[in-house]
Amino acid sequence: MGDLYIALIHAPVYNKNMETIATSITNLDIHDIARSSTTYGVKRYYIVHPAQAQQELARRIMGYWQEGFGAEYNPNRQEAFARVKLLSELAEVEEEIYQEQGRKPLRIATDARRYPNTLDYATVRAKIEKGEDPMLLLFGTGWGLHKDVMASCDIILEPIYGPGEWNHLSVRSAAAIILDRLRGH
């Protein structure tokens, strides 16, 4: 199985009016996606936010569970947070993976909308299992990744559909579903 990385992108993303914004880092996204990443063997979970104040907030949240009472109360959280890294830009994520792997990762975008180069989960799972290239799975916060980020991706995964028309899941729910489809048994 190839190396899979994920990145939670906080900027550039859209708000509900399709304006370009940066969203806030949330406690639940840090915890839940870190735990899903550990469960499904993700090599590293990157949280990408350009604001240092937001990164510092995330460090404080994670620090509580890695040191002192939080670490004693729930030692499993330390293992999950060991995979988390905070960076300012997506380019930094790709450069770090390149330095580690010796090749650039394939970018896989997720979105609630369908695009012309959308692939199904079975096809992407087969690419990951083949293990030829590292894969970087991108999750957008807010109302999704900016169109420029989407256009820069090698692969776009099909949206998650339920039985009805509604498909605006929280990013942590979408991440868990997608990781299960790509890496689960």
Side-chain angles (χ1 to χ4, degrees), residues 3-40 42-101 104-105 107-113 134-153 157 168-179:
D3 287 332
L4 180 63
Y5 299 82
I6 65 172
L8 182 63
I9 309 297
H10 288 276
V13 295
Y14 292 115
N15 67 11
K16 66 181 178 175
N17 299 316
M18 298 307 286
E19 298 165 325
T20 303
I21 62 163
T23 58
S24 297
I25 292 175
T26 71
N27 184 13
L28 292 174
D29 290 347
I30 297 169
H31 284 262
D32 290 353
I33 297 173
R35 290 162 53 194
S36 292
S37 295
T38 304
T39 298
Y40 290 102
V42 169
K43 186 136 178 139
R44 191 160 304 107
Y45 164 33
Y46 293 97
I47 299 173
V48 180
H49 202 296
Q52 291 303 309
Q54 285 288 302
Q55 289 185 28
E56 185 52 40
L57 171 66
R59 281 187 196 91
R60 283 195 312 269
I61 291 167
M62 291 188 303
Y64 174 80
W65 295 100
Q66 292 174 307
E67 305 160 0
F69 176 76
E72 291 174 26
Y73 178 75
N74 193 342
N76 289 340
R77 216 45 68 90
Q78 290 178 343
E79 183 180 352
F81 286 153
R83 295 173 192 266
V84 180
K85 184 152 189 186
L86 301 161
L87 291 175
S88 298
E89 296 180 15
L90 182 54
E92 293 175 313
V93 172
E94 286 187 313
E95 178 60 26
E96 185 170 288
I97 295 169
Y98 177 79
Q99 292 299 321
E100 183 178 303
Q101 297 279 335
K104 187 178 169 185
R107 274 192 193 186
I108 306 169
T110 62
D111 200 284
R113 295 171 288 271
M135 304 277 185
L136 176 58
L137 184 57
L138 306 180
F139 293 97
T141 56
W143 286 66
L145 293 166
H146 189 273
K147 65 180 179 175
D148 293 342
V149 175
M150 296 299 293
S152 73
C153 290
L157 274 173
H168 189 76
L169 295 168
S170 69
V171 70
R172 60 192 166 278
S173 295
I177 292 166
I178 290 169
L179 286 172

Criterion side-chain hydrogen bond (donor to acceptor under 3.5 Å, both in side chains) against Y5, the qualifying member of Q101, R44, E96, R83: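 Exactly one pass, corresponding to Q101.
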
To the closest 0.5 Å, what do you measure between [atom1] ([X]) and [atom2] ([Y])?
| X | Y | atom1 | atom2 | answer |
| --- | --- | --- | --- | --- |
| E19 | H146 | CD | NE2 | 11.5 Å |
| I108 | I6 | CD1 | CD1 | 11.5 Å |
| Y45 | F139 | OH | CZ | 9.5 Å |
| W143 | N15 | CH2 | CG | 9.0 Å |
| I33 | R172 | CD1 | CZ | 8.0 Å |
| L8 | L86 | CG | CG | 10.5 Å |

Nearest atoms (heavy-atom pairs only) where [X] meets [Y]:
| X | Y | answer |
| --- | --- | --- |
| C153 | L138 | SG-CD1, 3.7 Å |
| Y14 | K147 | OH-N, 3.1 Å |
| V48 | L90 | CG1-N, 3.7 Å |
| I25 | I47 | CD1-CG2, 3.8 Å |
| G140 | T110 | N-OG1, 4.4 Å |
| V149 | P12 | CG2-CG, 4.0 Å |

Any E94 side-chain heavy atom under 4.5 Å of P105 side chain: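 A side-chain contact exists here, since the closest heavy-atom pair is under 4.5 Å.
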
Just to verify, what does Q99 make a side-chain contact (heavy atoms from CB on, under 4.5 Å) with, not counting sequence neighbours?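 Q99 satisfies side-chain contact (heavy atoms from CB on, under 4.5 Å) with E95 once adjacent residues are dropped.
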
Please list, chain by chain and in numerical order, all residues satisfying side-chain contact (heavy atoms from CB on, under 4.5 Å) with A80, sequence neighbours excluded.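 Scan of A80 (side-chain contact (heavy atoms from CB on, under 4.5 Å), adjacent residues dropped) gives A34, R35, T38.
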
Side chain to side chain contact (heavy atoms under 4.5 Å, CB included) assessment of R113 paired with M150: CA-CA 11 Å; R113 295 171 288 271; M150 296 299 293; over 6 Å; no

So with a 6.0 Å cut-off around CD of E79, is the heavy-atom count from everything else above 12? no

Would you be so kind as to tabulate the donor-acceptor pairs closer than 3.5 Å made by side chains of residues 59-69, with sequence neighbours excluded?
residue: R59; atom: NH2; partner: Q55; partner atom: OE1; Å: 3.3
residue: W65; atom: NE1; partner: H31; partner atom: NE2; Å: 3.3

Apply side chain to side chain contact (heavy atoms under 4.5 Å, CB included) to the pair S24 and H49, showing each step before the final yes or no. CA-CA 8 Å; S24 297; H49 202 296; 5.8 Å; no

What verdict does the side chain to side chain contact (heavy atoms under 4.5 Å, CB included) test give for L179 and L137, after you've listed the backbone C-alpha separation in whole Å, the side-chain angles of each residue and the deciding distance to 0.1 Å? CA-CA 9 Å; L179 286 172; L137 184 57; 4.2 Å; yes

